[in-house]
Amino acid sequence: MASFISCGHKGEDPSQAAARLLKDKGIDIPFHPSVDCSELMRQYKANPDLWDAALSCLSKNAPVIHSLSDFGRTELVGERCYVMIDELNPKPFSETKLEGHKKFIDIQFTEGPVRWGICPADSRELEVLSEYDPAADIGFYLSEDTEYYDQTAQDRFIFVFFPENLHNPSFAAEGHNYDEPLRKIVIKVANAD
């Protein structure tokens with residue numbers, strides 16, 4: 001049974017409510033400042049069972065990500081919320097592209113130094129590389145309108161990508177050589193819309 005956490009205290013703004021969600025689940029890694037906390041709280045209110053399962057999974061796995069070895073997909077709430085834990089060798093930026101989803105929201109957490117790219121799905125600068133495929137829930141794009149964020153090994157964040165966010169997930173940090181693969185957690189949560 002999922003534990004319900006209220007969606008906000010009186011006078012609490014969405015970023016405070018989102019930070020409290022993490023604290024209430026025992027997660028001390030913050031959401032990245034790019035996360036739309038108003039949308040996060042709206043989605044949480046619509047599907048608290050899915051978000052509670054996702055946050056409980058992060059609470060269990062994020063602190064020990066460096067030692068995870070149980071790779072693959074695990075359903076948390078049927079097909080509506082599941083986690084994929086994997087290793088990756090971050091690709092150079094030139095080999096990446098923006099991806100977008102409509103049916104699922106991505107919660108992503110990666111260890112180590114990586115870069116992330118985020119672009120509005122309605123960008124006028126968007127070049128469609130591969131049309132959105134509803135069966136696979138993915139489309140691929142390029143855009144000059146993408147903002148990039150660095151993550152260091154010490155300052156890690158939880159990224160949340162809604163359908164309004166196209167994203168280049170965890171690609172190679174400039175000038176960094178990866179001696180070993182990094183571990184990554186991706187939790188898919190059904191979009192409430």
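Predicted, not measured: the structure shown is a model, and the values here were computed from it.
Nearest heavy atom pair, residue T110 against residue L182, reads CG2-CD1, 4.2 Å. The two residues N61 and I185 have their closest heavy-atom pair at CB-CD1, 3.6 Å. Shown here for P90 and F171, the closest heavy-atom pair between the two residues is CB-C, 3.8 Å.
At a threshold of 4.0 Å, the pair D193-R42 counts as salt-bridged, since one of the basic side-chain nitrogens sits closer than that to a carboxylate oxygen. Ionic pairing of K184 and D86 is not present here: no N-O contact between side-chain nitrogen and carboxylate oxygen is shorter than 4.0 angstrom.
A donor-acceptor contact shorter than 3.5 Å links the side chain of T146 to the backbone of S143. Using a distance-only test at 3.5 Å, with no hydrogens or angles considered, no donor-acceptor pair links the side chain of N47 to the main chain of Y44. Q43 places a side-chain N or O within donor-acceptor distance of the main-chain N or O of A192, the cut-off being under 3.5 Å.
Cation-pi geometry between K102 and Y132 is met: under 6.0 angstrom from the ring centre, within 45 degrees of the axis.
Shown here are the ring-ring contact (aromatic ring centres under 6.0 Å, His included) partners of F140, two or more places apart in sequence or in another chain: there are none.
You'll find the side chain of F159 stays beyond 4.5 Å of the side chain of N165, heavy atoms only.
Side-chain heavy-atom separations under 4.5 angstrom define the hydrophobic clusters, and the remaining members of the one that includes V186 are Y82, M84, F104.
Atom CD of E174 sits in a sparse spot, with 12 or fewer heavy atoms from other residues, nucleotides or ligands closer than 6.0 Å.
The NZ atom of K97 sits 12.0 Å away from the OH atom of Y141 when rounded to the nearest 0.5 Å.
For F157 and Y149, the ring centers are positioned 6.0 Å apart or more.
If you run salt bridge (Lys or Arg N to Asp or Glu O under 4.0 Å) between E79 and each of K188, K103, R73, only R73 comes through.
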